[in-house]
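Notes for the one structure printed next.
Counting starts at 1 for both ligands and their atoms, following the listed order. Both backbone and side-chain heavy atoms feed into the values below; hydrogens, waters and symmetry mates do not.
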Amino acid sequence: MIERIGQIRAEAEAAICAAGTTAGLEELRVRYLGRKAELPNLLRGVAELDPQERGAVGRAANETRQALETLITDRGAQLELGELRERLAGDRVDVTLPATPPAPVGRLHLLTATRREIEDVFCGLGFTVVEGPEVEFVHYNFDALNHDPAHPARARTDTFYVEAPADPHGGEVLLRTHTSPMQIRAMEQQPPPIAIIVPGRVYRRDSDATHTPQFHQIEGLAVGEDVTLADLKGTLLAFAKAIFGDEREIRLRPHFFPFTEPSVEADVSCFMCADADAHAPRCPLCKGTGWLEILGSGMVDPNVLGAVREHGYDPERHQGFAFGLGVERIAMLKHAVPDLRLFYDNDLRFLRQFG
Ligand code: PHE
């Protein structure tokens, strides 16, 4: 019996020392010390042995079990350390490797892209970009812009008025209905000559497929001593070509705005049926007219210059042009967007088509 214990010990010690992995070592622990293993069985049977044999066999088996347990623990610690080192070496980050491609970060909203494109065109023509408040005094939105006191846009059914601290000009406060108030504010801040564009949000009490209560405009203003209607037409033509293509023409139609005289609406020749003769009658974009309305404009009314007379603008000496365009309208025409509300639904299937 003692001899058998010695054999088991020698065999187990050799196997434990040779174990290459912690998993392999665990198998050996089960094989030599587990519930069904020979040595523990032997120990359990000690009680039935001869009293003379009992002491020696029990001691030998116990010693062997303890020795094997210690050996397994020590070998286990060694193997674990080795395996940890291997894992660390394998996981080491090589910071010189190219980074994993970043997740797509999205794109500009079509309105932002269109605004920037338009800004680029006018900056190239010498205009600078300025911005103004969306909550505005009636003075800047209507009065200084030569609106008749009975002008319909002043009505509460058309325009959002807000409760706000008293206006130093003695009037009410509203959400600006157009970017034109910045004509006055900019001229108050900068003597002539001036050439600015004003991108920004505007608000009107309107809501259907072609109107949202909030939309975007870009105002333009150029005033000097010899700025003429021809300059307006040349500027708008350059704009139309840059946005809608080099082949485009523009035409001006008489119109009315309180703050320009004369006032004109500008149309750009339809780019969808450029070979007009053949396709114009059926063109879905221009409805067969060959022309698309793009903006309102005109020569700055002397009364508007009079409102900023004390800031260096003399209606007798200075003259210039102004225009106002809808960013949504330009984007809809250029990209054939059928419904204005698509811009604000934030449906990714729509937004992903652009940019
Ligand atoms: N403010 C006008 C509008 O919103 C557009 C415009 C601007 C017309 C400048 C003439 C000159 O309809």
Side-chain angles (χ1 to χ4, degrees), residues 115 118-119 122 125 127 129-134 136-148 151-155 158-160 174-187 194-206 210-224 227-229 231-236 239-240 250-268 292-308 313 315 318-330 332-333 340:
R115 171 177 56 75
I118 297 170
E119 285 173 1
F122 285 106
L125 292 171
F127 289 74
V129 181
V130 299
E131 288 180 306
E134 293 170 28
E136 185 56 283
F137 297 127
V138 164
H139 171 78
Y140 289 108
N141 198 84
F142 293 129
D143 299 342
L145 287 170
N146 199 38
H147 282 67
D148 190 89
H151 193 281
R154 294 178 183 259
D158 281 26
T159 296
F160 297 105
L174 45 65
L175 299 185
R176 67 179 176 188
T177 60
H178 50 180
T179 41
S180 304
M182 266 309 281
Q183 290 186 27
I184 306 293
R185 287 183 178 275
M187 288 191 284
I194 188 172
I196 53 155
I197 57 166
V198 189
R201 287 188 193 87
V202 300
Y203 302 84
R204 293 181 194 177
R205 296 187 69 162
D206 258 340
T210 50
H211 299 89
T212 45
Q214 178 264 153
F215 61 102
H216 299 81
Q217 287 190 334
I218 296 181
E219 191 81 6
L221 175 72
V223 177
V227 180
T228 69
L229 186 69
D231 295 316
L232 170 62
K233 189 167 184 186
T235 302
L236 296 182
F239 161 71
I250 62 159
R251 79 174 180 189
L252 303 181
R253 279 179 293 107
H255 198 75
F256 174 80
F257 297 104
F259 37 93
T260 45
E261 183 60 34
S263 301
V264 291
E265 274 194 327
D267 297 342
V268 60
L292 304 164
E293 181 193 322
I294 51 167
L295 54 82
S297 62
M299 299 306 290
V300 178
D301 192 295
N303 288 344
V304 171
L305 297 175
V308 287
Y313 290 81
H318 298 113
Q319 58 178 41
F321 64 77
F323 60 85
L325 58 85
V327 180
E328 281 82 353
R329 180 169 181 77
I330 300 295
M332 284 176 89
L333 288 174
L340 183 62

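You'll find the side chain of V304 reaches within 4.5 Å of the side chain of M187, heavy atoms only. The shortest distance between side-chain heavy atoms of F323 and I197 falls below 4.5 Å.
A cation-pi arrangement, defined by a distance under 6.0 Å to the six-membered ring centre and an angle within 45 degrees of its axis, is absent between R176 and Y140.
Between the R329 side chain and the E293 main chain, a donor and an acceptor come within less than 3.5 Å of each other. No side-chain donor-acceptor contact under 3.5 Å links T179 to the backbone of P199.
Under a 4.0 Å heavy-atom criterion, F259 is in contact with ligand 1.
Every N/O-N/O distance between T260 and ligand 1 stays at or above 3.5 Å. Checked by distance only, ligand 1 and H178 come closer than 3.5 Å through their nitrogen or oxygen atoms.
Within ligand 1, counting atoms from 1 as listed, the ones closer than 4.0 Å to a heavy atom of Q217 are 3 (C), 4 (O). Here is the list of ligand 1 atoms found below 4.0 Å of a heavy atom in S180: 1 (N), 7 (C). Residue S297 approaches ligand 1 through these ligand atoms, each under 4.0 Å from one of its heavy atoms: 8 (C), 10 (C), 11 (C). In summary, the atoms of ligand 1 found under 4.0 Å from a heavy atom of F323, numbered by their order in the structure, are 7 (C), 9 (C), 11 (C).
Scanning both residues, L252 and A266, for their nearest heavy atoms gives CD2-CB, 3.8 Å. Heavy atoms only, all atoms of each residue included: I218 and I118 are closest at CD1-CG2, 3.6 Å.
Ranked by closest heavy atom to atom 4 (O) of ligand 1, the top entry among H255, E219, R204 is R204.
The shortest contact between atom 7 (C) of ligand 1 and any protein heavy atom is with G324 N, 3.3 Å.
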